[in-house]
Amino acid sequence: MPARQRGKPVVDLSQLNPRQKEAAKYVDGPLLVLAGAGSGKTSVITRKIAYLIGVCGIKSYHIAAVTFTNKAAREMKERVMSLVGKGGAKGLTVSTFHNLGLNIIRHELTTAGYKNGFSILDQDDCKGIIRDVMHREHGDDGDMIELVQNAISNLKNDLIAPDHAIKVASTPQELLIAQTYSVYQRMLKAYNAVDFDDLIMVPTVLFRDHPEVLTRWQKKIRYLLVDEYQDTNTSQYELVKLLVGHRTGLTVVGDDDQSIYAWRGARPENLSLLKKDFPTLKIVKLEQNYRSTGLILNAANRVIDNNPHEFEKKLWSDMGYGDPIKILKCRNDEVEAERIATEIVERRLRYGCGYRDFAVLYRGNHQSRVIEMKLQAYQVPYKLSGGQSFFGRNEIKDIMGYLRLLINPTDDAAFLRVINTPRREIGPTTIEKLGEYAAMRGISMMAATTEMGLEQQLMPKALDRLRRFGHWLEGITRNAYTDDPVAAVKEMISDIDYEGYLLQNSGTPNQAERRMKNVWFLVDSISKMISKAEELGDECTIEDAVSKLILRDMMEQQEKEDEADQVQLMTLHASKGLEFPHVYIMGMEEELMPHRNSIEADTIEEERRLMYVGITRAKRTLTLTYAGKRRQFGEAMDTTHSRFLDELPPDDIVWEGKTETSAEEQKQRGQETLSSLRNMLADF
DNA sequence: TCTTGGTCCTTTTTT
DNA sequence: AGGACCAAGA
């Protein structure tokens, strides 16, 4: 726009260093930005988007930025908005891969072979379907379900169709997997449903088979930016390649050292494949770190040096050396947690910082238990993030089941979840007969409830109950679509007296109340989503809202919690992309970090990257802890400290308790901490 | 149909 | 240690 002609830069790139500036301004061809941890890659992406809009004159409508998490997408969108204003970012796409895929399927619904009101199944639902299929087709005991589900996911990520999988299967097990995959996929189609992997695979296959559809999307998306590129899987990369085609509008940002999702199909080698697939690829490296102290960065570099590297890169920082890294050996897991808790209390006072400045990271979600207990004991507020905490809750799954059935009556998985919850006196026999009938007629179970022809199969009483349910839900559905959807949902919840059900089935009334609060929170999220969309002039139907919920895209919860002054508890995986002044990594033991499965599967390099991610989260101090004895399955087991601790530069480390500290000494150490704590409190 | 008690298994990471 | 699942009783 004219601003540029007046000689005033529309986009301010002055805060970027030369490398960053180069990456932001290079638009003549495909670009790979190798961005080390803390090197300001989000600044580069957001400013590049601003540059594309403000200087290159590309309409925001034609730009898409893709990330992996909702949180990252949200943050990116906010930062772009603050750069170019709300108006300037109008129509800009900033979303997760899965959301983009969902969008594409929505727009190309019939071509993709789906009907209106399809649902997205989460992993639990899919597992249920696979369990059914394997039970029915192979009489399987259920021991292989997880394995098969994983294998199917991998096949999908690699864009392998069921019949092809059957054709190339070379072992009985592979054949079993392929056959299950085939039936599973047919069932999804029958349910008019997709799973997470389909959200990527379906659009990709669609683009491949329908050039006219692809052309339409290529016209829409003229510049594509991909964040965390090392996390893309084959089908995601294929989607990117198809969308970009022979054009130049592609910037990808990634760091091979932070590839920690190979276990779910990510292909870090996509980074080097880029060079082959786009011969004119330009590479820019961002190596200055703006986050951590020199010692922390040095430690990270030393650890990751033990991995082979395709792209050489050396992170540096000019933020001073900082404090040495602490390693604490504790007697057992309880002492470990206690130590962390007391240290946080002490340091908060010493540094005068907030609880929010501390993060405790661990390998597996179950490890949060001990530290939670100790933080509670010291009355330290904390926020546990990640896990399936919210969506894994039964009350949420119940209500989500109703919602899914509302938008897609053919969703049998949802039907089965809710048909007798709360109790409607519809037992297994009735359900089984209904299922048989539905299968025979080739219709969904929901549709079968209100059909004539069931009379011969069922007792009149059972029949009546089924029909009542069917008609009732039909009514609610009508209301949800014609009336206020939120009111319809509320009506539904009160109709089934869900609150009463919870009261009856929760241990304590208190628990029931908490669960009900979760339900209202869910309803509230829907209502907020709809009103927010209206504000922006978008439409958000109940379907949109439910899909967003399934994809865990809920804005409000996050925002509220971000403001609270709480210690952050999360897995190492969940910590990627975040930073904290003071970081604790607990459980630095062989078999735990690196995890036993990774040792057995020989994927130590990925574990090392996980370690690297953890270390590079820290801005000021880093503390690594491990326990000499750890309770495992109820029994205290001796442990060995993690090999990664030996990879740290010894001179930059204070290792407490490495040489067998006697119980005596441990005790004394505890006393010291306690008395210093007391002094500190006295000062206040 | 709902409750109870016993047994067995668990713990990697997630859109 | 704790949760999930299943078999047997009220």
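Chain naming here is simple, since letters A, B, ... match the order of the sequence lines and numbering starts at 1 in each. Values below: all heavy atoms of this structure, side chains included; hydrogens, waters and symmetry mates excluded.
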Can you list the residues that meet the side-chain hydrogen bond (donor to acceptor under 3.5 Å, both in side chains) rule with [X], with sequence neighbours excluded?
X	result
A/N154	none
A/S153	A/D197
A/E108	A/R216, A/W217
A/R467	none

Contact list (N/O, under 3.5 angstrom) for nucleotides 7-11 of chain B vs protein:
| from | atom 1 | to | atom 2 | distance (Å) |
| --- | --- | --- | --- | --- |
| B/dT11 | O2 | A/H366 | NE2 | 2.9 |

Rounded distance (Å) that lies between atom [atom2] of [N] and atom [atom1] of [X]:
X	N	atom1	atom2	value
A/I200	B/dT14	CD1	C1'	13 Å
A/M611	B/dT13	CE	C1'	16 Å
A/N365	C/dG2	CG	P	18 Å
A/I260	B/dT13	CD1	C1'	8 Å
A/Q367	C/dA1	CD	P	19 Å
A/F196	B/dT15	CZ	C1'	6 Å
A/R74	B/dT15	CZ	C1'	13 Å
A/I599	B/dT13	CD1	P	16 Å

Does A/T571 place a side-chain N or O at less than 4.0 Å from the phosphate oxygens OP1/OP2 of B/dT14?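 The answer is yes; a side-chain N or O of A/T571 sits under 4.0 Å from OP1 or OP2.
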Please tell me if A/N233 has a side-chain N or O lying less than 4.0 Å from either OP1 or OP2 of B/dT15.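 Negative; the distance criterion is not met.
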Which nucleotide wins on minimum distance to the side chain of A/R631, given the candidates C/dG3, B/dT15, C/dA1?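 Per side-chain heavy atoms of A/R631, the pick is C/dA1.
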Holding to side-chain contact (heavy atoms from CB on, under 4.5 Å), I want the full list of residues that pass it with A/A377, two or more places apart in sequence or in another chain.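 Once residues adjacent in sequence are excluded, A/A377 has no partner under the side-chain contact (heavy atoms from CB on, under 4.5 Å) criterion.
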Residues that A/N332 engages under side-chain contact (heavy atoms from CB on, under 4.5 Å), provided they are two or more places apart: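 A/N332 satisfies side-chain contact (heavy atoms from CB on, under 4.5 Å) with A/E334, A/V335, A/K629 only.
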When you compare the protein's N or O atoms with those of nucleotides 1-3 of chain B, which come within less than 3.5 Å of each other, and at what distance?
| from | atom 1 | to | atom 2 | distance (Å) |
| --- | --- | --- | --- | --- |
| B/dC2 | OP1 | A/R423 | NE | 3.4 |
| B/dC2 | OP2 | A/R423 | NE | 2.8 |

Checking A/Q568 against A/S575 for the side chain to side chain contact (heavy atoms under 4.5 Å, CB included) test, could you report, in this order, the C-alpha distance in whole Å, the side-chain angles of both residues, the deciding distance, and whether it holds? CA-CA 10 Å; A/Q568 305 291 309; A/S575 75; over 6 Å; no
If the condition is ring-ring contact (aromatic ring centres under 6.0 Å, His included), which residues does A/Y229 pass it with, not counting sequence neighbours?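 A/Y229 satisfies ring-ring contact (aromatic ring centres under 6.0 Å, His included) with A/Y237 once adjacent residues are dropped.
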Any side-chain donor paired with an acceptor under 3.5 Å for A/Q236 and A/E238?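 Result is no, nothing qualifies.
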Using a 5.5 Å cut-off between ring centres and planes within 30 degrees, is A/W263 stacked on the base of B/dT13?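 It does: the ring sits over the base of B/dT13.
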I'd like the C1' distance from C/dC6 over to B/dT11, given in whole Å.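 Here B/dT11 and C/dC6 have their C1' atoms 23 Å from each other.
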